[in-house]
A.B. asks: 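Can you read through this structure? Questions will come right after.
When reading the values below, keep in mind they use all heavy atoms of this one structure, side chains included, and skip hydrogens, waters and symmetry mates. Both counts, for ligands and for their atoms, begin at 1 and track the order of listing.
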Amino acid sequence: MTVLSDNLKKVRQGIAKAAKANGRAADAVKLIAVSKGKPPEDVRAAMKAGQDVFGENRVQEAKSKFQPLRVLHPPLELHLIGPLQTNKVEDAVKTFDVIQTLDRPALAEALVRAMKKTGKAPKIYIQVNSGHEPQKSGIDPDELPMFLKFCHETCGLTIEGIMCIPPQSDDPKKHFKFIKKIADEHQLKHISMGMSADYEAAIECGATEVRVGSAIFGKRD
Ligand SMILES: *Cc1c(COP(=O)(O)O)cnc(C)c1O
């Protein structure tokens, strides 16, 4: 067994165990393999080991890496998990099946325009800055109700999920519980939280999707 397929297996076992502890089936939690900074060969190896869902945080990198891979592997589901600039929105809606990082009104408007123009309709999640960190993207939790209303009523954009990256300095569980609570309040079905270091804790708190990079692909440069 290769290191990569062994890593994948361990992460899948960790997910199954945490899901069970939370009273859920292992397949109730989606594993997003974060392949940013990694070559296409690594992605192909993961695909061979049964992985269909991947995450990238740059539009250009994802586009050049995954366009050929999509042809080779049609079950591919690609998630954007990094900040999105308004001028890259058209490429983003063409490249990704899910965009997890909507965080401002101008981007919501640009997404709607790009979706109309291209005929593509990726699922959209809102990124929430649960730690109120000034340098981090994501909408402030206090602004979420207003922003959801804007997306739904003004833009006609359906929001299907919520995503967060807790502050490094804090206990992540506090943030995961908070995000689960606001997701339920607003009936946001997909809850994307947890990375290599804390995906088990995120699942215990209700994550439906975890974004795991280095635990699968090894350290990034
Ligand atoms: C890189 C990244 C991950 C994966 O991080 P690891 O610690 O390598 O698992 C998850 N989410 C986001 C938003 C990222 O940028």
A.B. asks: I'd like to check whether Gly213 has a polar contact with ligand 1, where a contact means an N/O of the residue lying under 3.5 Å from an N/O of the ligand.
C.D. replies: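 Yes, Gly213 has an N/O under 3.5 Å of an N/O on ligand 1.
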
A.B. asks: Which atoms of ligand 1 have any heavy atom of Val212 under 4.0 Å away?
C.D. replies: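 The atoms of ligand 1 under 4.0 Å from a heavy atom of Val212 are 9 (O).
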
A.B. asks: Once rounded to the nearest 0.5 Å, what's the spacing between atom CG of Leu84 and atom CG of Asp91?
C.D. replies: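 The CG atom of Asp91 is 10.0 Å from CG of Leu84, to the nearest 0.5 Å.
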
A.B. asks: Using a strict 4.0 Å cut-off to heavy atoms of Asn57, name the atoms of ligand 1 that fall inside it.
C.D. replies: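 The list of qualifying atoms is 15 (O).
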
A.B. asks: Is it the case that the side chain of Ser35 and the backbone of Lys38 share a donor-acceptor pair, with hydrogens and angles ignored and the cut-off at 3.5 Å?
C.D. replies: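 Between the backbone of Lys38 and the side chain of Ser35 there is no qualifying donor-acceptor contact (under 3.5 Å).
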
A.B. asks: In the structure I gave you, are the side-chain heavy atoms of His79 and Phe54 within less than 4.5 Å of one another anywhere?
C.D. replies: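 No. Closest side-chain heavy atoms not under 4.5 Å.
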
A.B. asks: Is the backbone of Cys151 close enough, under 3.5 Å, to the side chain of Thr154 for a donor and an acceptor to pair up by distance?
C.D. replies: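 Checked: no pair found.
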
A.B. asks: What is the nearest protein non-hydrogen atom to atom 9 (O) of ligand 1, stated with its residue, atom name and distance?
C.D. replies: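 Result: Ser196 OG, 2.5 Å.
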
A.B. asks: In the protein, which heavy atom is nearest to atom 10 (C) of ligand 1, and how far is it?
C.D. replies: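 Ranked first by proximity to atom 10 (C) of ligand 1 is Met195 SD, 3.1 Å.
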
A.B. asks: For atom 11 (N) of ligand 1, what is the closest protein heavy atom, and at what distance to 0.1 Å?
C.D. replies: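 Among all protein heavy atoms, the one nearest atom 11 (N) of ligand 1 is Arg211 NE, 2.9 Å.
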
A.B. asks: List the closest protein heavy-atom neighbour of atom 12 (C) of ligand 1: residue, atom name, distance to the nearest 0.1 Å.
C.D. replies: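 Going by distance alone, atom 12 (C) of ligand 1 is nearest to Ile81 CD1, 3.5 Å.
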
A.B. asks: What do you reckon, is CD of Glu41 surrounded by more than 12 foreign heavy atoms closer than 6.0 Å?
C.D. replies: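 Enclosed.
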
A.B. asks: Scan Asp103, Leu148, Leu188 and name whichever one has a side-chain contact (heavy atoms from CB on, under 4.5 Å) with Ile126.
C.D. replies: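 That would be Leu148.
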
A.B. asks: Provide, to 0.1 Å, the distance between atom 2 (C) of ligand 1 and the closest protein heavy atom, together with that atom's residue and name.
C.D. replies: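 In this structure, atom 2 (C) of ligand 1 has Lys36 NZ, 2.6 Å as its nearest protein heavy atom.
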
A.B. asks: Within the side chain of Asn22, is there an N or O that forms a donor-acceptor pair under 3.5 Å with the backbone of Arg24?
C.D. replies: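 Not confirmed, Asn22 side chain does not pair with Arg24 backbone.
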
A.B. asks: Show the atoms of ligand 1 that are less than 4.0 angstrom away from any heavy atom in Ile165.
C.D. replies: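 The list of qualifying atoms is 13 (C).
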
A.B. asks: Against ligand 1, does Arg220 come closer than 4.0 Å with any heavy atom?
C.D. replies: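 Right, Arg220 reaches ligand 1.
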
